[in-house]
There are 2 protein chains.
Amino acid sequence: MTGKEAVQKGRPREFDKEQVLDKALHVFWKRGYEGTSLSDLTEAMGINRPSLYAAFGNKEELFKLALDRYLEKGPGSVHRASLQKPTATAVVESLLTSSATYLTDPSNPPGCLAVQGALSCGEASESIKQALCERRSLGEQQLRQRFECAKAEGDLGPDSDPAGLARYVMTVMQGMSVQAAGGASRADLLAVVDMALKAWSSSKS
Amino acid sequence: MTGKEAVQKGRPREFDKEQVLDKALHVFWKRGYEGTSLSDLTEAMGINRPSLYAAFGNKEELFKLALDRYLEKGPGSVHRASLQKPTATAVVESLLTSSATYLTDPSNPPGCLAVQGALSCGEASESIKQALCERRSLGEQQLRQRFECAKAEGDLGPDSDPAGLARYVMTVMQGMSVQAAGGASRADLLAVVDMALKAWSSSKS
DNA sequence: AGATTTTCATACTTATCGATACAATAACGG
DNA sequence: CCGTTATTGTATCGATAAGTATGAAAATCT
């Protein structure tokens, strides 16, 4: 009746599904979709191959589940929280500074899964690339809508361009993800955020 | 005595090395290092496997040769040309607008090889990731040096931060590469450039 | 207890990966 | 014409990829 299913019949699973999914997420995050092998996954998850397939389908489905978890419980939730800030300026400040923070979180791989997961790939992984692309677009769209509301409320000027502003902010965030992957420090990224916010101040009219 | 070597002894090569290297470059550019198989390469290059190994060493060396070519003859040359502009502002304008242009050149894969080639990857490709990382850093370093000169000349204000400015510009460029890979149009990117330049105007003091 | 159901562990399958062995071919110098 | 040198095409190598077949193990249900 609750979230968990009722009493199970057969042999009970010996691992926690969410826990090993987190392990898989970390591997995909660090290595990308194509750079991660099933052996990498089973080793990190501490389960063997048939258990993985029984619990998660296959590599592709596992990745998508890991991505969902990343977006829901991980950095994605930070994104959502930022959208709730009272003003458009506060939204952008929160979004950029929190991005700089989690992109360089030492307990996670540097960078953003939605960017590094499969930016370019072979034909076999095209659907993964597509999925990541859609998630990035969705994030941009949500930000644009937030700016449209702000414009309607007068928080943003009547000549402002919500779509362009949203794209600019996303571009800076994605660039910071590349910077983080290249070893940029948190301080480095926060300096970038400061500069990016100056463009914001000049464009929110 | 010239660039080409003297009279060759054995059976002559039946393909033009630079020409097929360009083909390989395009495949790596589109698919990334790990997403590209030797079969993809030989098919695109129109040569067979032993010819590829004889002429270019192996997959890794071929990639690095393709990267060198990309940086020397391709978009990398645009980067270098921009650094020659007379003022720091002109450098940045040229860099960003030309980036927006070539990142969406319909005759090339969208995005930048130095970003998409191997942003994250398996252990076996770590040296490729490293090489790309170094090239990106080098580009940032050159830009920083250009800004340091501008500061020394009084073109940039005495309180300006050449390193921070360079990192900001590189971040925007790398973000645009991700945007391009996600299908952003040239107009989209040029709008981003306009916004990014506003931050520039506010920070060049 | 015995039947049923599900998971676990080992070992395997097929396909593809990057990389080569080998012999035929095509240019050269003598 | 002959020996040398380098390239070409075919066919293959061992390693590893993703995915499974199979039977033992561990729980519930009757």
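Numbers restart at 1 for each chain; the letters A, B, ... are given by sequence-line order, proteins then strands. The figures that follow rest on heavy atoms only: side chains count, while hydrogens, waters and symmetry mates do not.
Here A:S51 reaches the OP1 or OP2 of C:dC8: one of its side-chain N or O atoms lies under 4.0 Å away.
Applying the side chain to side chain contact (heavy atoms under 4.5 Å, CB included) test to A:S77 and every residue at least two apart in sequence or in another chain returns A:R80. Partners of A:Y168 under the ring-ring contact (aromatic ring centres under 6.0 Å, His included) rule, at least two apart in sequence or in another chain, do not exist in this structure. Taking the side chain to side chain contact (heavy atoms under 4.5 Å, CB included) definition, one finds that A:A124 meets it with nothing, sequence neighbours left out. The side-chain hydrogen bond (donor to acceptor under 3.5 Å, both in side chains) search around B:S160 returns none, not counting sequence neighbours. Considering only residues two or more places apart in sequence or on other chains, A:R69 meets the side-chain hydrogen bond (donor to acceptor under 3.5 Å, both in side chains) condition with A:D22. B:H26 meets the ring-ring contact (aromatic ring centres under 6.0 Å, His included) test with B:W29; sequence neighbours excluded.
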In residues 50-57 of chain B, what donor-acceptor pairs under 3.5 Å come from side-chain atoms, sequence neighbours left out?
| residue | atom | partner | partner atom | Å |
| --- | --- | --- | --- | --- |
| B:S51 | OG | B:N48 | OD1 | 2.8 |

Using residues 173-185 of chain A as the side-chain source, report each donor-acceptor pair under 3.5 Å to any protein atom, sequence neighbours left out, with the distance given to one decimal.
| residue | atom | partner | partner atom | Å |
| --- | --- | --- | --- | --- |
| A:Q174 | OE1 | B:Q179 | NE2 | 2.9 |
| A:S177 | OG | A:C112 | N | 3.0 |
| A:S177 | OG | A:Q116 | NE2 | 2.6 |
| A:Q179 | NE2 | B:E140 | OE1 | 3.4 |
| A:Q179 | NE2 | B:Q174 | OE1 | 2.9 |
| A:S185 | OG | A:A187 | N | 3.4 |
| A:S185 | OG | A:D188 | N | 3.1 |
| A:S185 | OG | A:D188 | OD1 | 3.4 |
| A:S185 | OG | A:D188 | OD2 | 3.2 |

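In this structure, the CG atom of A:D16 is 14 Å from the P atom of C:dT7, given to the nearest Å. When the P atom of D:dT7 is taken as reference, atom CE of B:M45 falls 14 Å away, rounded to whole Å.
A salt bridge links A:R11 to A:E14: at least one charged side-chain nitrogen sits closer than 4.0 Å to a carboxylate oxygen. The pair B:K30-A:E123 fails the salt-bridge criterion, with no side-chain N (NZ, NE, NH1 or NH2) lying under 4.0 Å from an Asp/Glu carboxylate O. No salt bridge links B:K151 with B:E148; every basic N to acidic carboxylate O contact stays at or beyond 4.0 Å.
Listed nucleotides: C:dT10, C:dT20, D:dA18. Nearest to the side chain of A:N48: C:dT10.
With hydrogens and angles ignored, no donor-acceptor pair closer than 3.5 Å exists between the side chain of B:R13 and the base of D:dA6. Between the side chain of B:R49 and the base of C:dG18, a donor-acceptor pair under 3.5 Å is found.
Within residues 125-132 of chain B, no residue places a heavy atom under 4.0 Å from DNA chain D. Residues of residues 56-63 of chain A that place a heavy atom closer than 4.0 Å to DNA chain D, in numerical order, are A:N58, A:K59. Within residues 19-41 of chain A, no residue has a heavy atom under 4.0 Å from DNA chain C.
Geometrically, B:K64 does not engage B:Y33 in a cation-pi contact, judged by NZ or CZ lying under 6.0 Å from the ring centre and within 45° of the ring axis.
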- Message: Each nucleotide in nucleotides 21-30 of chain D should get exactly one letter: B, S or -. Can you fill that in based on protein heavy atoms under 4.0 Å?
- Response: B---BBBS--

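Annotation: A:K198, atom NZ; neighbour count of heavy atoms from other residues, nucleotides and ligands within 6.0 Å is above 12.
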